[in-house]
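Values below: all heavy atoms of this structure, side chains included; hydrogens, waters and symmetry mates excluded. Quick caveat, the model's predicted, so the values are computed rather than measured. Residue numbering restarts at 1 for every chain, and letters A, B, ... go by the order of the sequence lines.
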Amino acid sequence: MELSRPRGTRDFLFEEMKQRKVVASTLKRIFENYAYQEIKTPIFENLSLFTQKSGDEIVDQLYNFEDKGERKLALRPELTAPVARLYMAQMQKSPKPIKMYYYGSCFRYERPQAGRFRQFWQFGCEMIGGKSPEADAEIIAMASHSLKELELDGFEIHLGHLGILRGILDEENIPGKTQDHIMGLIDKGDPKLLQEFLDESEIEPDTQKILYKIIEMKGTSKVLDEVKELLKGRNKALEALFELKELVETLAMFQMDDYVLNLGIARGLDYYSGMVFEIYVPSLGAQKQICGGGTYNLVETFGGEKVESTGFAFGFDRLMAALISQKKDLNLKVAAEVFVAPISPKTRGAAFEIAQKLRYHGIATEVDLGRRKLKKLLSYADNLGVKKVVLVGERDLEEGKLTIKDMQTGSQELVNEKELLEYIKS
RNA sequence: GCCGGGGUGGGGUAGGUGGUUAUCCUACGGGACUGUGGAUCCCGCGACUCGGGUUCGAAUCUCGGCCCCGGCCCCA
């Protein structure tokens, strides 16, 4: 029998699960502080949900199958499309903006490597409707706030706007498909390939120069003025630039200044339309991106009424990898706070009574289930990391007392049975 | 899909020019030891990724598969 895990999957043991739980609950707390509400969608969807958006090519990158009713299904490769589907089906007439977040695993049929698995987790959010610089700013501020709360060091937020590049190309009457191809080349970050393509295209040399310059533009809000000069007379691109400028000004009101403007961000996706941002942790290596998002128009590509949305998702596993590599103290809980140890077989019954009492009062408690000797119990309790051991002895019980051992100091104290709860809680 | 490096008890490891019973730490089980024994000591359990080849003999050499690690492609 084959007992190994499928390729690209992982088991998470106690310690790792605790770390992941701490991080997930921190993110939940922050998102909820920004008035986002959690949703959950199915692990599998109709295959067409994903092919409609990204074309049939993606089929070889996802886990798809036919069920017994010959329905074509796929394990979800991401969560934006399912959320858009949910919105279309049930929320189109809900008051805007709709703010929701999700946490769940996604599946892609890819070659596993650093920071890349076949089952991976995304923690993200979508704000549907209510597009404004304020909305975009709040989202970016929330992403940044989340990482600060987790005390992640060395992350870089890169912020751009696709409307600038698209605007230039639109005004040159470049057809959509060609535009997508160019954006793809820009996203790759390989100047040679881009140049080769542009050389063969019919794009004016002047425009080409501007494109090259813009995708190199990085830095503080000063670059916006430089870009403005470059874009003289190109109204569509200027409009996008103005939007970005407004966003930058609004970010200042959200006390956000730790980002880099990067007009070379293209994000391979064709449904992104406006502001885009990505967050990197360079120390992670090849898969350094831990977050990506922006403004998009997905609902429209699904045939719904046009509504602008903004969203982003953390690559949860990469975020974990970054935090763990920085050895962040994640406030891990131990499995049990208290261990109840019968000193002799005769007090086992009393030990269960005490353990149940503690548990009903919300104290994580472990008790001897293996009829082991005291030495083993103390050793086990030590391994568990409990703070206190309640020693249940015959002689003490006769006087209505219990011995409580502090595992850190080794000191012991006799306590009245009735005062146990108070003593433990203090 | 491509390139490179790997895989030894539950966890972490030594051995690698072929040659007795495969090293050590830890964890686990038992005992010294039936109310303080979380210590110490003793005993025990437990592994060469899988399959083929070379060989009298393979953890070691060789070929292939699987999986892991790193990189490329891709990355919604």
Side-chain angles (χ1 to χ4, degrees), chain A residues 1-11 13-15 45 49-62 74 76-84 106-118 120 122 124 180 183-184 187-190 193 266-272 276 278 284-289 292-294 296 298 301 311-313 315 318 321 339 341-347 370-386 388-398 401-414:
Chain A
M1 193 168 72
E2 188 58 75
L3 285 180
S4 61
R5 260 180 282 128
R7 187 168 164 78
T9 63
R10 291 157 294 164
D11 296 311
L13 268 58
F14 308 136
E15 283 312 299
E45 296 271 0
L49 179 69
F50 305 112
T51 52
Q52 210 175 81
K53 179 183 64 146
S54 318
D56 290 329
E57 312 89 66
I58 57 148
V59 173
D60 34 299
Q61 282 166 70
L62 45 78
R76 62 188 182 196
E78 48 97 25
L79 277 153
T80 302
V83 170
C106 301
F107 304 81
R108 293 181 193 176
Y109 192 84
E110 290 185 295
R111 174 74 172 80
Q113 64 185 72
R116 180 179 287 184
F117 306 95
R118 289 186 168 180
F120 59 97
Q122 286 200 335
D180 291 347
M183 298 302 276
D187 189 40
K188 266 187 194 156
D190 186 339
L193 283 174
R267 292 195 66 68
L269 291 170
D270 18 342
Y271 61 74
Y272 279 101
V276 284
E278 297 184 340
L284 284 180
Q287 266 67 45
K288 62 178 183 176
Q289 190 184 329
Y296 60 87
L298 190 52
T301 63
F312 72 85
R318 291 181 191 175
F339 189 94
I343 290 171
S344 72
K346 285 183 184 166
T347 57
R371 303 186 174 186
R372 285 176 292 190
K373 286 191 242 175
L374 185 61
K375 178 197 167 167
K376 291 285 172 189
L377 294 182
L378 286 171
S379 165
Y380 181 68
D382 188 38
N383 257 325
L384 264 185
V386 302
K388 292 187 168 111
V389 172
V390 178
L391 294 162
V392 188
E394 259 182 283
R395 295 202 294 267
D396 299 341
L397 270 186
E398 280 166 23
K401 298 205 167 171
L402 296 163
T403 302
I404 301 188
K405 190 180 185 80
D406 184 307
M407 293 303 272
Q408 264 120 56
T409 63
S411 65
Q412 300 188 175
E413 211 166 323
L414 259 182

K.L.:
Hey, is the side chain of A/Arg111 pairing donor to acceptor with the base of B/C75 inside 3.5 Å?
P.N.:
no
K.L.:
Does a donor on one side chain sit under 3.5 Å from an acceptor on the other, for A/Glu78 and A/Gln122?
P.N.:
no
K.L.:
Report the residue (A/Lys188 or A/Leu397) whose heavy-atom-nearest nucleotide on RNA chain B is the more 5′ of the two.
P.N.:
A/Leu397
K.L.:
Do A/Asn383 and B/G38 share a donor-acceptor pair, side chain to base, under 3.5 Å?
P.N.:
no
K.L.:
Take atom CZ of A/Arg116 and atom C1' of B/C74, then tell me their distance rounded to the nearest Å.
P.N.:
6 Å
K.L.:
Write down the distance between CD (A/Glu110) and P (B/C74), rounded to a whole number of angstrom.
P.N.:
12 Å
K.L.:
When only distance counts, do a donor and an acceptor, one from the side chain of A/Gln113 and one from the base of B/C72, lie under 3.5 Å apart?
P.N.:
yes
K.L.:
When the C1' atoms of B/G11 and B/G46 are compared, how many Å lie between them, rounded to an integer?
P.N.:
13 Å
K.L.:
Suppose you measure atom P in B/G16 against the same atom in B/G6; what distance do you get, rounded to whole Å?
P.N.:
15 Å
K.L.:
Could you state the atom-to-atom distance from CZ of A/Arg7 to C1' of B/C67 in whole Å?
P.N.:
7 Å
K.L.:
As a test of reading the structure: which of B/A76, B/C68, B/G37 is closest to the side chain of A/Asp187, going by heavy atoms?
P.N.:
B/A76
K.L.:
Considering only heavy atoms and no angle criterion, is a donor-acceptor pair shorter than 3.5 Å present between the side chain of A/Lys376 and the base of B/U36?
P.N.:
no
K.L.:
For B/A22 versus B/U36, give the span between their P atoms, rounded off to a whole number of Å.
P.N.:
41 Å
K.L.:
I need the CZ-P distance between A/Arg118 and B/A76, as an integer number of Å.
P.N.:
18 Å
K.L.:
Mapping A/Arg5 and A/Glu78 onto RNA chain B by nearest heavy atom, which one lands closer to the 5' end?
P.N.:
A/Arg5
K.L.:
Nearest whole Å is fine: how far is B/C75 C1' from A/Gln289 CD?
P.N.:
9 Å
K.L.:
Consider the side chain of A/Thr403, meaning its heavy atoms from C-beta on, and name the nucleotide among B/A39, B/G35, B/A76 that approaches it most closely.
P.N.:
B/G35
K.L.:
Using the C1' atom on both, measure B/C2 against B/C45 and round to a whole Å.
P.N.:
45 Å
K.L.:
Which nucleotide wins on minimum distance to the side chain of A/Gln412, given the candidates B/U36, B/C68, B/G71?
P.N.:
B/U36
K.L.:
Work out which heavy atom in A/Phe339 is nearest to a heavy atom in A/Val386; give both atom names and the distance.
P.N.:
CB-CG2, 4.0 Å
K.L.:
Quick one: which of B/G31, B/G71, B/G29 gets closest to the side chain of A/Arg372?
P.N.:
B/G29
K.L.:
What's the gap between B/G18 and B/C61 when it is taken at their C1' atoms, as a whole Å value?
P.N.:
8 Å
